[in-house]
Student: 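Submitted below is the structure of interest, expressed as C-alpha cells.
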Amino acid sequence: MADYFAYSSLPDDNFRLLHLIGLDEGGRVKCTLTDVPRDSAPRYEAISYAWDNQQPSTPIICNDKKLMITPSLCLALNTFYSLSQPCPLWADAICINQSNNEEKSRQVPLMDKYYNEAQRVLVWLGSSGTYTDLVMDEIKALNKSLETIERPILIADKTLQSHGLPLQNNPLWQGISEIFARNWYRRLWVVQEVALASHVVVFCGSKSIEWHELSSLADHLGRTGLTSLARGNVNVDPSKTDGFDAMMVPDFIKDFRSQGKSYSLNRLCHFARSRDTTEPIDKVYAVLGLIDEAVRKKIKVDYSLESRQTYWKVYIDLGTVMLQEDPGLFLLQIASSKGRPPELPSWCPNFNSTSDALMLPRGFYKTGMTGGDSVEHDRTPYLGRASDSKGIKLRGLHVDEIAEVVGSSWQWDRELAQQKGPDGCAARGWKWMNECRALSSRVLQMPNAIPEQLVRTLIANILHQPATYAPDPKCLWESVFPATVYLQAVRDVGTLASRHMTQHELLCAQRYLQALNMACSGRRFFVTKCGFLGIGPLETKAGDLVYVFRGAQVPFLFRRELAKDCFELLGEAYVDGLMDGQAFGEGQHHGDRIETVLTVI
C-alpha cells in the first residue's frame, strides 16, 4: 500500500501544477504534483468545480503516494483524462495544502491570477443527468430560436410551437432544469474563476459547451419570460441564487473589466450572501480578487484558527470599508439578515446569511437626493465608528414613526400557486391584500376604493416585466385589477382560473403579482403616524422610527434602545410619499426638521 502524500514547503514565488499520467491497476487517478516558478510557468488549465460539502474521501496516486480528494474532483479528473491528454492543471484542493493555514493565507490572494493566466478554465458541473446530454447537444439550436423573440411570451404550447420551441412536456426543459440546478452555480469562488478567465469551457459529464453559449441560454430564457418553465417544479427561494441568475454576474464583471473598470464592491458583497462557501470567512476573501487593489489592501487574508472562529470581525472590517467608500449607505440596505452572530452589530450584514427579502432595486428612488445624486463632503451621513468599537455614528433626519402593521405577510409557494381553496397561496394572498386594503383605506379615509398609494406600495412602485420601470397610474390600474381577479379565480377554481381571463389580462396579472412577490416577500406592510403607507422588515412594529439620510436612495427603520441611548437598525423600507426626496425638499412636510446624529449598534 502506498504511503500518504506529504506536502513540501512552497516558496513564496512558486505555485504547484498537477500532471495527469493515467490510471493505476485499481482504476485510481495517477498524477504528479510539481512546484513551478510563477514567472516562468508553462501553459496550464484551471479547474472550477463544486466541493459539494464533501470530505476528502477518495484516493488518487500523487507522486506515487496516496492523496485523498473529494469524489467530485476525482470524477472531474477522471473525465478530463478520458476525453483528452490535458496539459498541466491547477485545482485548489490539490495545488494548495489545505491543512496549512499559513500557506492558504499566502496562496488564496493569488488565486485570481491563477485563473486569469490559465489557458482555459474547465468548469465541471458534475456527471450527466437524465436529459442533460440532450440539452448540451441542442443549446446552440435553442439559442437561435430564442434570440428571435423580442419580448416575454405566454407559456402555452401553441405559443411555444409558433416560435419553434419545444412543447411544455418536452424533456429538453427538464434537462435545462437539471443543468442549472447544479451546486456549482451556488459556489461563491466560481465567480472569480469564470469572470477572470480568458476562455471558459463547461463540462457536464462527457459533453462540453462554450461558456458564452450556456450564458446566452440563461439570458434568452429570462428575457422571453421562459425561466419559470425551464425551472420546472423547483420551489425557488427569492433570496437565493440559482444557475439562471448566477450566470449574469461573471459576465457583468467581464464587461466591466473589458472597459477598464471594477465591478461594484457593494454588489459583489451583496451577491456573496446567497452563494456557498466552506468557511464563513470566505464570503469576504472570495470577492477580494475582483475589487480595486487599493480597497483590497485594507482586508488582510488570514486563515488562522482564531481568525476563522471570529470571522465576524472581518465582516465588520469589510462593512467599515463599504461605508467609507459609499456615501449612499448601500451597506445599510443589505444589513438585514435572517440570522447573525451575537457579536455582529445591527448595521453590519451577516455576509454568511441572506435577508428575508430581496433588496429594493437601486437607481429608482431618490429619498435622500437634493438637487442631484451627489452628497456634499460635509453632509455625508456616515460620521465614522463610535467610541464603542462596534458602533457607528450617522447623521440623519427623523421623519416619521410606525403607527400600525398588518399582522400577516405575503407568502408565495410555487407548489401551491394553483391550489384552490383556503390553504392555497391565492387564497392567503387575497386575504392578505384585503387586510392591507382595509388598513390603508381606514387611514386614508377611502372606505369604498382601492387607494392608489396602496397599489404602488405593494410593488414598491416598480413593475419588473416586460421591462423594469416606474409605472404610470394607467399601467398600474391595468395590472392590479387582473391580479386580484386572478387570485380570486384560483382560490375558487384552481388551475381553471386562466379560462376566465383573456391572454392580455393574464399577462397583466402575472406582471403585477411577480412585482408584488419581489417587493413584499419577507416584508411587513405598515402605516405611519403621518399617514404614509410602506413595507419594511418582518420585525417592524408600532413605535419604530423612520429615518432618511442625504445621499441614500431609500428610508430606513430604526428601533430606539432607551437604556443604551442608541439605535438598532431594522433595515430598509419603501415609504410611499418619501421616495422622491420629499423629506429634504424645500417647503415640504419635513423640510423644517433638523438632522441629528444617532449611534447605531
Side-chain angles (χ1 to χ4, degrees), residues 186 188 191 237-241 245 249 263-277 279-288 290-291 295 298-299 307-308 310-362 381-382 384-386 388-394 396 521-523 536-540 547 549 551-559 566-574 598-601:
R186 295 199 50 73
L188 179 57
V191 178
D237 182 344
S239 67
K240 297 289 186 178
T241 299
D245 299 321
V249 174
Y263 194 65
S264 164
L265 170 64
N266 288 335
R267 293 194 177 279
L268 276 174
C269 294
H270 181 48
F271 179 78
R273 302 177 69 185
S274 62
R275 304 298 284 271
D276 293 337
T277 58
E279 303 240 20
I281 205 167
D282 282 332
K283 290 296 183 83
V284 176
Y285 295 163
V287 304
L288 294 183
L290 300 169
I291 62 178
V295 178
K298 297 180 180 180
I299 306 294
S307 180
R308 287 184 286 128
T310 59
Y311 62 89
W312 50 269
K313 292 182 179 180
V314 179
Y315 290 3
I316 293 176
D317 290 341
L318 177 62
T320 302
V321 171
M322 292 172 70
L323 286 171
Q324 293 168 343
E325 296 290 320
D326 172 35
L329 301 182
F330 178 95
L331 182 80
L332 301 193
Q333 283 194 249
I334 64 172
S336 177
S337 305
K338 287 183 178 178
R340 61 175 59 242
E343 302 90 350
L344 197 64
S346 66
W347 59 266
C348 184
N350 178 7
F351 292 105
N352 199 37
S353 167
T354 58
S355 173
D356 287 305
L358 293 175
M359 185 185 71
L360 291 171
R362 300 278 289 179
Y382 175 62
R385 296 281 287 271
D388 177 332
S389 61
K390 297 179 187 177
I392 61 172
K393 287 189 176 294
L394 298 174
S521 289
R523 288 194 170 94
L538 285 176
E539 58 266 38
T540 302
Y547 271 80
F549 300 92
Q553 296 190 16
V554 298
F556 295 93
L557 302 187
F558 290 85
R559 185 168 298 160
C566 55
F567 296 82
E568 173 192 357
L569 172 67
L570 300 179
E572 65 173 0
Y574 174 91
L598 57 160
T599 300
V600 185
I601 61 171

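Values in this document were obtained by computation on a predicted structure and should not be read as measured data.
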Student: Would you mind telling me which of Lys298, Glu325, Arg385 makes a side-chain hydrogen bond (donor to acceptor under 3.5 Å, both in side chains) with Thr320?
Tutor: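 That would be Arg385.
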
Student: Measure the shortest side-chain to side-chain distance between Tyr285 and Thr277 over non-hydrogen atoms and say whether it is less than 4.5 angstrom.
Tutor: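 Not in contact.
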
Student: With distance as the sole test, does Arg186 use its side chain to make a donor-acceptor pair with the main-chain N or O of Ser274 at under 3.5 Å?
Tutor: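 Yes, the answer is positive, given that a donor and an acceptor are paired below the 3.5 Å cut-off.
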
Student: Roughly how far apart are Thr310 OG1 and Glu343 CD, rounded to 0.5 Å?
Tutor: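 Those atoms lie 9.0 Å apart.
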
Student: Do side-chain atoms of Ser264 reach the backbone of Arg267 as a donor and acceptor pair under 3.5 angstrom?
Tutor: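 Yes, Ser264 side chain to Arg267 backbone: donor-acceptor pair under 3.5 Å.
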
Student: Would the distance check show the side chain of Glu572 and the main-chain N or O of Leu360 forming a donor-acceptor pair, the cut-off being under 3.5 Å?
Tutor: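 A pair under 3.5 Å: yes.
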
Student: What distance do Leu570 atom CG and Arg559 atom CZ have between them, rounded to the nearest 0.5 Å?
Tutor: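 Spacing of CG (Leu570) from CZ (Arg559) equals 5.0 Å.
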
Student: What are the two closest non-hydrogen atoms of Asp282 and Leu188, and how far apart are they?
Tutor: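 Heavy atoms of Asp282 and Leu188 come nearest at O-CD2, 3.8 Å.
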
Student: Answer whether the closest heavy-atom distance between the side chains of Val321 and Val295 falls below 4.5 Å.
Tutor: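 A side-chain contact under 4.5 Å exists here.
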
Student: Would you mind reporting whether Val600 and Leu332 have side-chain heavy atoms less than 4.5 Å apart?
Tutor: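 Not in contact.
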
Student: Between CG of Asp326 and CD of Gln324, what distance do you get to the nearest 0.5 Å?
Tutor: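 Rounded to the nearest 0.5 Å, the CG-CD separation comes out at 11.5 Å.
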
Student: Side-chain contact test, heavy atoms from C-beta onward, threshold under 4.5 Å: evaluate it for Leu394 versus Tyr382 and give yes or no.
Tutor: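 Leu394 vs Tyr382: side chains touch.
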
Student: For the atom pair CD (Glu279) and CG (Asn352), what is the distance rounded to the nearest 0.5 Å?
Tutor: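 So the gap between those two atoms works out to 10.0 Å.
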
Student: Quick one: CG on Leu538 to OG on Ser336, what's the gap to the nearest 0.5 Å?
Tutor: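 Here the rounded value is 8.0 Å.
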
Student: What is the minimum heavy-atom distance between Gly536 and Leu557, and which atoms define it?
Tutor: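 Looks like CA-CD1, 4.3 Å.
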
Student: After noting the C-alpha distance and the side-chain angles of His270 and Phe330, does the key distance pass the side-chain contact (heavy atoms from CB on, under 4.5 Å) rule?
Tutor: CA-CA 10 Å; His270 181 48; Phe330 178 95; 4.1 Å; yes

Student: Using modelled atom types and a 3.5 Å cut-off, is there a donor and acceptor pairing between side-chain atoms of Arg362 and backbone atoms of Gln553?
Tutor: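 No.
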
Student: Looking at every non-hydrogen atom in both residues, tell me the closest pair between Phe351 and Tyr315 and how far apart they are.
Tutor: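 Scanning both residues, the minimum pair turns out to be N-CE2, 3.5 Å.
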
Student: Would you sort out whether Arg275 and Val287 count as a side-chain contact (heavy atoms from CB on, under 4.5 Å), showing the intermediate values?
Tutor: CA-CA 11 Å; Arg275 304 298 284 271; Val287 304; over 6 Å; no

Student: Please check: side-chain N/O of Arg340 versus main-chain N/O of Pro349, any donor-acceptor pairing under 3.5 Å?
Tutor: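 No, because the side chain of Arg340 does not come within donor-acceptor range (under 3.5 Å) of the backbone of Pro349.
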
Student: Answer yes or no: is there a side-chain heavy-atom contact under 4.5 Å between Ser355 and Ile334?
Tutor: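 Not touching, per the 4.5 Å side-chain cut-off.
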
Student: Checking side-chain contact (heavy atoms from CB on, under 4.5 Å) for the pair Tyr311/Lys283: CA distance, chi angles, key distance, verdict?
Tutor: CA-CA 10 Å; Tyr311 62 89; Lys283 290 296 183 83; over 6 Å; no

Student: So which atom in Ser346 and which in Ala335 form the shortest heavy-atom distance, rounded to 0.1 Å?
Tutor: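 The answer is O-CB, 3.6 Å.
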
Student: Closer than 3.5 angstrom, by distance alone: can the side chain of Thr354 be matched with the main-chain N or O of Arg273 as a donor-acceptor pair?
Tutor: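 Between the backbone of Arg273 and the side chain of Thr354 there is no qualifying donor-acceptor contact (under 3.5 Å).
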
Student: Ignoring hydrogens, what is the shortest heavy-atom contact between Ile281 and Ser307? Give both atom names and the distance.
Tutor: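 Closest heavy-atom pair between Ile281 and Ser307: CD1-OG, 3.2 Å.
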
Student: When rounded to the nearest 0.5 angstrom, what distance separates CG in Leu569 from OH in Tyr547?
Tutor: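 Here the rounded value is 12.0 Å.
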
Student: I need the minimum non-hydrogen distance between Gly339 and Ser353, along with the two atoms involved.
Tutor: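 That would be N-OG, 3.5 Å.
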
Student: Please evaluate residues Leu344 and Trp312 with respect to the criterion side-chain contact (heavy atoms from CB on, under 4.5 Å), reporting the C-alpha separation (whole Å), side-chain torsions for both, the decisive distance (0.1 Å), and the verdict.
Tutor: CA-CA 6 Å; Leu344 197 64; Trp312 50 269; 4.1 Å; yes

Student: Ignoring hydrogens and angles, tell me if any N or O in the side chain of Arg523 forms a donor-acceptor pair with the backbone of Ala573 under 3.5 Å.
Tutor: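 No: the side chain of Arg523 does not pair with the backbone of Ala573.
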
Student: Measure from the side-chain N and O atoms of Trp347 to the backbone N and O of Lys390, and report whether any donor-acceptor pair falls under 3.5 Å.
Tutor: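 Pair found, side chain donor or acceptor close to backbone of Lys390.
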
